[in-house]
Amino acid sequence: MSKSTLRINGSVVAAQPKAGSLVISYSDALNAILESEGWPGGGTERDHDHSEMVWEELPAIASHWLQTPDEPPILLDEATGKKWEAVLRSRCLLKRQNPASGVGRELRHPKPIHIDFSDLPFPPLRKPKFTFMDLFAGIGGFRIALQNLGGKCVFSSEWDRHAKETYLQNYGEVPFGDITTLSSMKLFSKSLDVLAGGFPCQPFSRAGVSARNSLGQEHGFECETQGQLFFDVVNLAKVHRPKILLLENVGNLIRHDGGNTFKVIRHTIEKDLGYSFYYKVYNSNPLVPQSRVRCLIVAFREKQSAFWEMPELTGKALPLRSILEDLPSDTNYTLSEKMWNGHIRRSARNVARGAGFTAYTRDLDKPSTTLVARYYKDGKECLIPQENHPKNLPRMLTERECARLQGFPENFMPHSSKVRAYKQFGNSVPVPLIEFVAKHIAITG
Ligand SMILES: C[S@@+](CC[C@H](N)C(=O)[O-])C[C@H]1O[C@@H](n2cnc3c(N)ncnc32)[C@H](O)[C@@H]1O
C-alpha cells in the first residue's frame, strides 16, 4: 500500500517516515483533534466556541484538513490549523517511550509530523496531478475513478450517515453534510480542476417520475428538496470556477419534461457559467457486466477546439457470469421457496395484464439489469440461477458481486450492514465509466 507525503504548515512530511519523525495514524490524529475540541461533548452545556455549522461539521473539517494540511481547515482559520498541529505533536510525543527527553529536544528542533494513511484501501495520493471535489459523494465512485487518474480530492459532501461511514473507512475522510448550506461559500483558496458529482437522480429518472406522479408529488426542478440540487452545483462552480465540470445522471435526464429540464441545465451551464457544454448517454455494459444507462455531462471553463467530442464507448456487452462468486447452492443468498413462488405468481399476473415486473433468473451470458437501491428487499431485478440447487431456487447477488457490477476494486470495503451495502451500490456509479470519460478529458481536453 502506498504511503502519502503531506505537508503540515511547511514541514515536509516524508512518504516513508524519516528516522525520528513523528508518526501518527490518520485515525489517531482525527481522534486527537476531535478530543481536543471536546467533540462530541458529554452534557448539554456548550463547552466550545464554534458556530452550530462548524460544530456539526467538525469531523468533516478535521478529516479534510488531515488530507490537505497546507490549507487552513475549511470554515476555520490558519490559527486553528496551527493549534491542531500542536495537538498532533503532543499526542505523538506522549506516545513515545521516553517523553521527557523527547519533549526537550522537540521544542528546539520541531520534527516533521507524518500522517500515516497506509491502513486505508484508498489513501490520498502522494503527488497528485489535479484537484477535484466529490459532490453527492455516496460511497465515492467518482473518487476512486479520479484518484486512479492522479486526482486529489479537496472537498467531499454527502449527507447520508451510513454512506459517510463507508466513505470514511475507505478514504479516511468524513464528507461534509447538506451541500445546500455550503454551496455559496468559498471553501478553500486552492485552485480547483474538476467539480464532479452525480446529482441526485430520483426527480429525473423514469421510475422516480412515475412514483412521484402516483403520489401526487412534483418532479424535476419543481421537486424542491432534490431537483434544485443542480443549482447548488452551479453555485459552487460560480464560487470556485473549476476548469471542468463532470456530472452524471440517469439517461432519462435528456427527455425529462419533454426535454425542458435538460434545456435548463444546458442553458445554465452555457449562459450563467459561461462554460462549453458536452454530453453523451452511455450504456456502461462494455465496461461492467451491467446495463446501466447514464448521461455524462462535461463542461469546460476554457473554450475547446471545434473538434472536441465526448468519447465513443464501443465493445461487446460483458457477461454477468464474469463477476460471479463461486458459492455453494445452500448459500444464505438463496431465496426462500416462499419468496421465489411469490415472484413467480406476481410475474404471471403481470404477463397476463401485459405490464409490470417479471422476475426470471438472468441469462448469465448477458449483462445484469440496472442495479437499484431496493435490490436488498428481494433481489427480483437480478436473480442468479442455481442449477445445482435441489429445488432450483435462485440466489441474490452478493454485496461483493454488486461492488463488481459497479466496477469497484476488490479492496473496496462495503458497509458492514448488508442492507446498507446493497443500497449504496445501487445508488452508486460505474467507476470505469467515470474513469473512461475522465481519461478522455485528461488526454484531449
Ligand atoms: C445518486 S447518489 C450518488 C452516488 C455516488 N456517485 C457514488 O458513487 O456512490 C446521490 C447522493 O446524493 C446524496 N445527497 C442528496 N441530497 C444531498 C444534499 N443536500 N447534500 C449532500 N448529499 C446529498 C444522497 O444521500 C446520495 O448518496
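Numbering of ligands and ligand atoms starts at 1, following listing order. Positions are given from 1, in the same order as the sequence printed here.
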Can you tell me if Lys186 has over 12 outside heavy atoms packed within less than 6.0 Å of its NZ?
yes
Numbering as shown, the atoms of ligand 1 that approach Ser428 to under 4.0 Å (heavy-atom distance):
7 (C), 8 (O), 9 (O)
Using a 4.5 Å cut-off on heavy atoms from C-beta on, say whether the side chain of Asp134 contacts that of Tyr167.
yes
With respect to Gly141, determine whether any N or O atom, backbone or side chain, lies less than 3.5 Å from an N or O atom of ligand 1.
yes
Contact partition for Ala163 relative to ligand 1, non-hydrogen atoms under 4.0 Å:
neither
Charged N to carboxylate O under 4.0 angstrom, Lys83 versus Glu37?
yes
Judged by heavy atoms only, the candidate from Gln424, Glu158, Glu248 nearest atom 24 (C) of ligand 1 is Glu158
Verify the neighbour count for atom CD of Glu325: are there more than 12 heavy atoms of other residues, nucleotides or ligands below 6.0 Å?
yes
So which of Gly198, Gly140, Ser183, Ser157 gets nearest to atom 10 (C) of ligand 1, if we judge by its closest heavy atom?
Gly198
Taking 4.0 Å as the limit for heavy-atom contacts, which would you say applies to Leu229 with ligand 1: side chain only, backbone only, both, or neither?
side chain
Determine whether more than 12 heavy atoms belonging to other residues, nucleotides or ligands lie under 6.0 Å from atom OH of Tyr279.
no
Near Ala137, which atoms of ligand 1 are under 4.0 Å from a heavy atom of that residue?
5 (C), 7 (C), 8 (O), 9 (O)
Does the distance from a Lys or Arg side-chain N to an Asp or Glu carboxylate O, for Asp70 and Lys190, drop under 4.0 Å?
yes
Could you check whether any heavy atom of Gly177 sits closer than 4.0 Å to an atom of ligand 1, since that is the contact criterion I want to use?
yes
Please could you name the atoms of ligand 1 that Asp160 approaches to less than 4.0 Å, counting only its heavy atoms?
25 (O)
Need the ligand 1 atom indices (1-based, order shown) with element for anything under 4.0 Å from a heavy-atom of Asn427.
1 (C), 2 (S), 3 (C), 4 (C)
Contact (N/O only, under 3.5 Å) between Pro200 and ligand 1
no
Ile179 to ligand 1: N or O pair under 3.5 Å?
yes
Pair Phe136 + Phe199: ring centers closer than 6.0 Å:
no
Are any of the N/O atoms on Asp178, whether in the backbone or the side chain, positioned under 3.5 angstrom from an N/O atom of ligand 1?
yes
Does the distance from a Lys or Arg side-chain N to an Asp or Glu carboxylate O, for Glu381 and Arg362, drop under 4.0 Å?
no
Pair Val298, Phe277 - check side-chain contact (heavy atoms from CB on, under 4.5 Å), show working.
CA-CA 6 Å; Val298 175; Phe277 183 96; over 6 Å; no
Sub-4.0 Å atoms of ligand 1 with respect to non-hydrogen atoms of Val429
8 (O)
Nearest non-hydrogen contact to atom 21 (C) of ligand 1 from the set Phe408, Trp159, Phe425 belongs to Trp159
When you check the gap from the basic side-chain N to the acidic O, do Arg91 and Glu35 get nearer than 4.0 Å?
yes
